[in-house]
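Inspection log for the structure reproduced underneath, given as structure tokens.
Naming convention: chains lettered A, B, ... in sequence-line order (proteins, then strands); numbering from 1 in each chain.
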Amino acid sequence: MEKNIRVRFAPSPTGHLHIGGARTALFNYLFARKYSGTFILRIEDTDELRSTQESVKWIFESMAWLGLNWDEGAMPDGSQKGDFGPYVQSVREANGIYREYAKKLVDEGKAYYCYCTAEELDEMRKKAALEKRPPKYDGRCRHLTDEQRSRFEKEGRKPVIRFRMPDEGITSWKDLIHKELSFENKLLYDFIMIKASGYPTYNFACVIDDYLMKISHVIRGDDHISNTPLQINLYKAFGWQMPEFAHLSMILGPDGSRLSKRHGATSVQEYRKEGFLPETIKNYLALLGWSTQDSQQIFEKGELEDKFSLEGCQKNPATFDPVKLKWMNGEYLRKLDKKTMLEFAMPYLRESGLDLSYPRVPLEDLVYLEYEKYKVLSEIPALLSFFFKENVDFDSQAVESVFSKPSASKVLSGIADVYSSIDNFKESEIEAATRKFAKDNGLKNGEVFHPVRVAVSGKAQGPTLFKMIEYLGKDCAVKRIRAAFELAAAKK
RNA sequence: GGCCUGUUCGUCUAGCGGCCCAGGACGCCGCCCUCUCAAGGCGGAGAUCACGGGUUCGAAUCCCGUACAGGCCGCCA
């Protein structure tokens, strides 16, 4: 691979960072890291209507959370990092960069002013559709005389600048993922470079900036494939060397259409809130459309950066699978140590409204108790809630199936006495005493364990029993078992 | 309507002419472990490689059609 790899992620700030955008960012990031290149963040806010400052903030936040740190570009504090800035297109526009280059093409006869109104264009498209022709701009303003122009100007019309597309020939390039791709020029159209507002369009700004920022590889979604021949003709008109192109496949929802809001969570922020770890998101996203030869699933820190390659990228679209995402998050959660897990769990615990001062054991011990069960952080409070309050919320089904057994009330009254006489209230002591109780009374272990579990936690499923009882503490456990005894006795 | 792209288990994928009547992972099913649920271990079902033609001694892999799917055709990006 040649030196000076420079790639960029260029989102338009019109909402939260979408999971598809995050993947594009990730692939660019990984590519840059793999080849010791430069990863650049450029804000493409040329849509004056939809771009917002707030969206820019969201993009920064999501990128930072994912750990996709950029070497150059717009920074959260408003500064510009790097020698090829500014990295915000609206600022570049204000600096006159796009107008300057557009004028150059106009002067050379490679672009022209067009006075057609949006309504006229609309009309043309409708007509074309009716006649089953491609809705392509017919080039009617290509050869306007000075007289015609001044008449339009007098009418108060603001012109756009259109690129004069070659009528003949073929535009092709060797895509790093799709191999050879080609388009006939006569099918292309005179696209707008500068809008009537003076703002550049995507296709124009993108080329100017990629050139000026010395981008070596353009890695983006393959919804841009048909924009590429337009852009290549721009490079040719300027006489610039074009970058390499790599078009990534799309991400689909479960129904096979492009992943969108109606498929549920689509922004990085939503996944963060649900309790996915950034490492999970990165790992999962990397696997959507990319793989190693041995189909490796889980990557240790730094491994993605080492192993990533464009050759391993898929040409066909990938369906997003939330189930596998959750599995993967479980894998990452299980790797966390006690302290880290508590740090991650804390926001969810706080938000749950549980009385965090209630338990007598350290929170990290409680959280870690069920560590191998978690799939997302947000489910932690519900799993542990019985540790945080005086009384037990009984699961009616558990009560029904366990307390209705004839031995239940006998077990509960007996075991409460046994527990209250244990001095060293630790897991091993509790377990030994419980097993002895079962044996002495001719009961199966399960006949004792199950009612006790429901009595202290209210649920039929939960953490390992004796550790749970130890963490609850002697007083609490005995009290709960006695209360449950009343309940079970009443059932009879 | 035109152009472009794509098509291997339900899903993500390995595969780049013989090692493949197709391997891994998620999910599913069963067994084991076990105080429950998980986790873990073991095993299983699941793809005639979209379809039809070629090329070749030999094709999931190369070529051509067909079908289906997606993308683009905006003074959106």
Inset, instruction - Once you apply the 3.5 Å cut-off to both distances, tell me the Watson-Crick or G-U wobble partner of B/G1, or none. - result: B/C73
Inset, instruction - State which of B/U5, B/A14, B/G71 makes the closest approach to the side chain of A/Leu181. - result: B/U5
Inset, instruction - With sequence neighbours excluded, tell me which residues meet side-chain contact (heavy atoms from CB on, under 4.5 Å) with A/Lys110. - result: A/Leu105, A/Glu108, A/Ala237
Inset, instruction - May I ask you to establish whether A/Lys335 and A/Tyr332 are in a cation-pi arrangement, using a distance under 6.0 Å from NZ or CZ to the six-membered ring centre and at most 45° from the ring axis? - result: yes
Legend entry - Nucleotide B/A77, atom P - distance to CG of A/Asp210 in whole Å: 15 Å
Inset, instruction - Looking only at side-chain atoms of A/Ala318, point me to the closest of B/A77, B/U5, B/U13. - result: B/U13
Legend entry - Nearest-Å distance for atom pair CD/C1', residues A/Glu311 and B/U13: 17 Å
Inset, instruction - Answer with base, sugar-phosphate or nothing: what part of the nucleic acid does A/Arg334 contact at a heavy-atom distance below 4.0 Å? - result: sugar-phosphate
Legend entry - Note, A/Met242 side chain near A/Val207 side chain (heavy atom, < 4.5 Å): no
Legend entry - Shortest side-chain distance from A/Glu372, nucleotide among B/A38, B/U7, B/A77: B/A38
Inset, instruction - Decide whether A/Tyr348 and A/Glu379 meet the rule of one side-chain donor and one side-chain acceptor closer than 3.5 Å. - result: no
Inset, instruction - Classify the nucleic acid contact of A/Ser182 as base, sugar-phosphate or nothing, counting any heavy atom under 4.0 Å across all strands shown. - result: sugar-phosphate
Inset, instruction - Have a look at A/Arg435 and say if it touches a base, only the backbone sugar-phosphate, or nothing, with a 4.0 Å heavy-atom cut-off. - result: sugar-phosphate
Inset, instruction - May I ask you to say what A/Thr464 touches in the nucleic acid, namely base, sugar-phosphate or nothing, with a heavy-atom cut-off under 4.0 Å? - result: base
Legend entry - Rounded interatomic separation in angstrom, taking CE from A/Met165 and P from B/C73: 13 Å
Inset, instruction - For A/Leu336 and B/A39, give me the distance from atom CG to atom C1', rounded to whole Å. - result: 15 Å
Legend entry - Polar side-chain contact A/Ser295-B/G23 base: donor and acceptor under 3.5 Å: yes
Legend entry - Flag, side chain of A/Asp223 to backbone of A/Met250, donor-acceptor distance under 3.5 Å: no
Inset, instruction - For A/Asp122 and A/Ala118, indicate whether the former's side chain and the latter's backbone hold a donor-acceptor pair under 3.5 Å. - result: no
Legend entry - Residue whose closest nucleotide on RNA chain B lies nearer the 5' end, A/Leu121 versus A/Ser226: A/Ser226
Inset, instruction - Searching all strands shown, indicate the nucleotide that pairs with B/U7 (Watson-Crick or G-U wobble; both distances under 3.5 Å). - result: B/A67
Inset, instruction - Look at all strands and tell whether A/Lys375 reaches a base, only sugar-phosphate, or nothing, counting heavy atoms closer than 4.0 Å. - result: sugar-phosphate
Legend entry - Separation of atom CG in A/Leu230 from atom P in B/G74, rounded to whole Å: 10 Å
Legend entry - Among A/Phe27, A/Phe299, A/Phe31, the one residue meeting ring-ring contact (aromatic ring centres under 6.0 Å, His included) with A/Trp290: A/Phe299
Legend entry - Counter-base of B/A39, judged by Watson-Crick or G-U geometry with both distances under 3.5 Å: none
Inset, instruction - Would you mind classifying the nucleic acid contact of A/Phe183 as base, sugar-phosphate or nothing, using non-hydrogen atoms under 4.0 angstrom? - result: sugar-phosphate
Legend entry - Partner nucleotide, any strand, of B/C57 [Watson-Crick/G-U, under 3.5 Å]: B/G18
Inset, instruction - Give the nucleotide from the list B/C75, B/U5, B/C73 with an atom nearest to the side chain of A/Pro135. - result: B/C73
Inset, instruction - Answer whether the closest heavy-atom distance between the side chains of A/Arg23 and A/Phe320 falls below 4.5 Å. - result: no
Inset, instruction - Please state the C1' separation for the pair B/G24 and B/U56 - nearest whole angstrom. - result: 31 Å
Legend entry - Length of the CZ-P vector between A/Phe299 and B/A25, whole Å: 14 Å
Inset, instruction - Ignoring hydrogens and angles, answer whether the base of B/A77 and the side-chain atoms of A/Asn227 contain a donor-acceptor pair closer than 3.5 Å. - result: yes
Inset, instruction - Assign A/Cys206 to base, sugar-phosphate, or nothing according to its heavy-atom contacts below 4.0 angstrom with the strands shown. - result: nothing
Legend entry - Value in whole Å for how far the P atom of B/U34 lies from CD of A/Gln461: 20 Å
Inset, instruction - Would you mind classifying the nucleic acid contact of A/Glu44 as base, sugar-phosphate or nothing, using non-hydrogen atoms under 4.0 angstrom? - result: sugar-phosphate
Inset, instruction - Can you tell me the distance, in whole Å, between the CZ atom of A/Phe466 and the P atom of B/U36? - result: 11 Å
Inset, instruction - Report which part of the nucleic acid A/Ala196 touches: base, sugar-phosphate, or nothing (heavy-atom distance under 4.0 Å, all strands). - result: base
Inset, instruction - Mind checking A/Glu331 for me? I need base, sugar-phosphate or nothing, with any heavy atom below 4.0 Å counting as a touch. - result: sugar-phosphate
Inset, instruction - Ignoring hydrogens and angles, state whether a donor on the side chain of A/Asn203 or A/Thr201 is under 3.5 Å from an acceptor on the partner side chain. - result: no
Inset, instruction - Measure from the side-chain heavy atoms of A/Ile192 and tell me the nearest of B/C76, B/C75, B/U36. - result: B/C75
Inset, instruction - For residues A/Tyr271 and A/Phe276, establish whether the separation of their ring centroids is below 6.0 Å. - result: yes
Legend entry - Interface with RNA chain B, restricted to residues 442-451 of chain A and to heavy atoms under 4.0 Å: A/Phe449, A/His450
Inset, instruction - Quick one: label A/Val323 by what it contacts on the DNA or RNA (base, sugar-phosphate, nothing), any heavy atom closer than 4.0 Å. - result: sugar-phosphate
